[in-house]
Amino acid sequence: EWGQFIDQIQVQLEECNGSDCSVASWSTPVALQPRGDCPDDFTGWFKTFPLEDYTQINEVGPPGRLVSVSDFKGHGYFRVPDWQNVIDVRLPIDGTLYAGSKTYLTDGTSSPELSYGFRFRTPCEGIWISFGHILQLSPNIEAIFDEFPAQDSSETLWVEAMEMSEGDVIGTAIGFALTGNASFDFGVNDEYGRVRTAEHERAYGRHLTAACIYDFFSAEIAAYLRNNEQPGDPVEEGLCP
């Protein structure tokens with residue numbers, strides 16, 4: 001399947017004559033080559049930023065955050081000034097929407113608000129991007145998620161694949177409208193490990209393929225994001241230097 005990585009093929013044959021069985025095994029290493037349009041260097045690969053004006057961001061959460069005593073956040077987040085929740089969020093590159101989430105979430109003691117997450121495959125096999133804490137959706141995506149009931153947790157919802165283009169608006173509001181928390185999650189994952197990915201002992205599941213988000217953008221944007229990192233939670237050393 002697209003994005004599925006294996007490094008070995010194994011074949012096992014069993015021959016039985018009554019209760020007398022013998023087994024022959026064979027294996028060979030493989031070096032899968034990703035399909036699609038993959039650059040030699042992913043630096044600056046995303047030509048469009050998710051927000052029209054990246055300088056609106058006043059706080060960046062780096063990938064690889066160690067939250068509480070056990071949680072690991074492979075993705076990062078972008079925050080703009082409070083109460084600026086109504087804002088367009090765009091695809092940074094051509095992508096295929098293939099999964100997401102639809103969950104009631106709270107911000108501290110606020111009432112639950114319906115929040116959405118998305119996963120998009122990029123044109124390069126194995127690289128996918130994620131968004132979280134999207135409050136309002138673009139009409140074409142809203143039509144897809146209207147078919148799903150809201151979940152009790154951020155359970156993955158697998159949707160019929162939909163092709164979208166760089167710059168397409170995927171959401172028109174972010175964060176938590178009731179508290180004015182105007183932020184959204186953004187992550188990049190590499191199933192093939194062509195860039196540095198998470199190695200921390202607390203990383204798990206899809207977070208193990210989480211990559212640094214900064215250098216996928218231009219050097220100017222990457223520098224701005226690094227300069228606006230929030231030095232709150234500890235982070236995995238070396239993941240996002």
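As a basis for the values below, the full set of heavy atoms in this structure was taken, side chains included, without hydrogen atoms, waters or symmetry mates. Keep in mind that what you see is a predicted model, and the values were worked out from it rather than measured.
- Contact annotation: the side chain of Cys240 approaches that of Tyr214 to within less than 4.5 Å [non-hydrogen atoms, C-beta and beyond].
- For Phe46, the ring pair (Phe, Tyr, Trp, His ring centres under 6.0 Å) test picks out Phe216, Phe217, with sequence neighbours left out.
- Between the side chain of Arg226 and the main chain of Pro241, a donor-acceptor pair closer than 3.5 Å is present.
- Within the 3.5 Å criterion, the main-chain N or O of Pro123 finds no donor-acceptor partner in the side chain of Asp37.
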Next on the checklist: Using the rule given for side-chain hydrogen bond (donor to acceptor under 3.5 Å, both in side chains), can you reason through Glu191 versus Trp128, listing the C-alpha separation, both sets of side-chain angles and the distance that settles it, and then say yes or no?
Outcome noted: CA-CA 8 Å; Glu191 302 284 353; Trp128 54 274; 2.8 Å; yes
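- Looking at Thr122, its side chain does come within 3.5 Å of a backbone N or O of Cys124 through a donor-acceptor pair.
- A distance-only check finds no donor-acceptor pair linking the side chain of Glu229 to the backbone of Pro62 [under 3.5 Å].
- In this structure, the side chain of Lys102 engages the main chain of Phe145 through a donor-acceptor pair within 3.5 Å.
- Between the side chain of Ser218 and the backbone N or O of Gly44 there is no donor-acceptor pair closer than 3.5 Å.
- Atom OH of Tyr104 has 12 or fewer heavy atoms from other residues, nucleotides or ligands within 6.0 Å.
- A side-chain donor-acceptor contact under 3.5 Å links Arg90 to the backbone of Leu51.
- Scanning all heavy atoms of the two residues, the minimum distance from Ala222 to Asp215 falls at CB-OD1, 3.7 Å.
- Using a 4.5 Å heavy-atom threshold, the side chains of Leu135 and Phe184 count as separate.
- By the 4.5 Å side-chain criterion applied to Ile, Leu, Val, Met, Phe, Trp and Tyr, Val67 is assigned to no cluster and stands alone.
- Remark: Phe148 engages no residue in a ring pair (Phe, Tyr, Trp, His ring centres under 6.0 Å) (not counting sequence neighbours).
- Checked by atom type, the side-chain pair Thr179/Asp107 shows a donor-acceptor distance below 3.5 Å.
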Do any side-chain atoms of residues 76-85 form donor-acceptor pairs under 3.5 angstrom with protein atoms, and if so which ones, sequence neighbours left out?
unit_1 : atom_1 : unit_2 : atom_2 : d
Tyr77  : OH     : Glu59  : OE2    : 2.5
Arg79  : NE     : Glu59  : OE2    : 3.3
Arg79  : NH1    : Asn181 : OD1    : 2.5
Asn85  : ND2    : Ile174 : O      : 2.9
Asn85  : ND2    : Phe176 : O      : 3.3
Asn85  : ND2    : Asn181 : O      : 3.0

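- Counting heavy atoms from C-beta outward, Arg194 and Phe42 have side chains that approach closer than 4.5 Å.
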For residues 154-165, run the donor-acceptor check on the side chains, cut-off 3.5 Å, and write out each pair with its distance to 0.1 Å, sequence neighbours left out.
unit_1 : atom_1 : unit_2 : atom_2 : d
Thr156 : OG1    : Arg119 : NH2    : 3.0
Glu163 : OE1    : Thr96  : OG1    : 2.9
Glu163 : OE2    : Thr96  : OG1    : 3.2

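- In plain terms, the two heavy atoms of Asn228 and Ile57 that are nearest each other are OD1-O, 4.2 Å.
- Figure legend: cation-pi geometry between Arg202 and Phe72 absent, as NZ or CZ is not positioned both under 6.0 Å from the six-membered ring centre and within 45° of its axis.
- Across all non-hydrogen atoms, the minimal contact from Ser27 to Gln10 is CB-CG, 3.8 Å.
- Every residue two or more places apart in sequence or in another chain was checked for a side-chain hydrogen bond (donor to acceptor under 3.5 Å, both in side chains) with Ser110, and none qualifies.
- Residue Asp152 places its CG atom among 12 or fewer non-hydrogen atoms of other residues, nucleotides or ligands, all under 6.0 Å distant.
- Smallest separation of non-hydrogen atoms from Gly74 and Ala210: O-CB, 3.4 Å.
- Side-chain contact check for Pro92 versus Trp45: every heavy-atom pair is 4.5 Å or farther apart.
- Open room surrounds CG on Asn17; 12 or fewer heavy atoms of other groups in view lie less than 6.0 Å from it.
- The number of heavy atoms from other shown groups lying within 6.0 Å of CD (Gln8) is above 12.
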Checklist entry - Do Glu166 and Thr48 pass the side-chain hydrogen bond (donor to acceptor under 3.5 Å, both in side chains) test, and can you show the C-alpha distance, the side-chain angles, and the key distance before you say yes or no? => result CA-CA 7 Å; Glu166 178 185 340; Thr48 295; 2.6 Å; yes
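- In terms of modelled atom types and a separation under 3.5 Å, the side chain of His75 and the main chain of Gly187 share no donor-acceptor contact.
- Within a 6.0 Å sphere centred on CD of Glu52, other residues, nucleotides and ligands contribute 12 heavy atoms or fewer.
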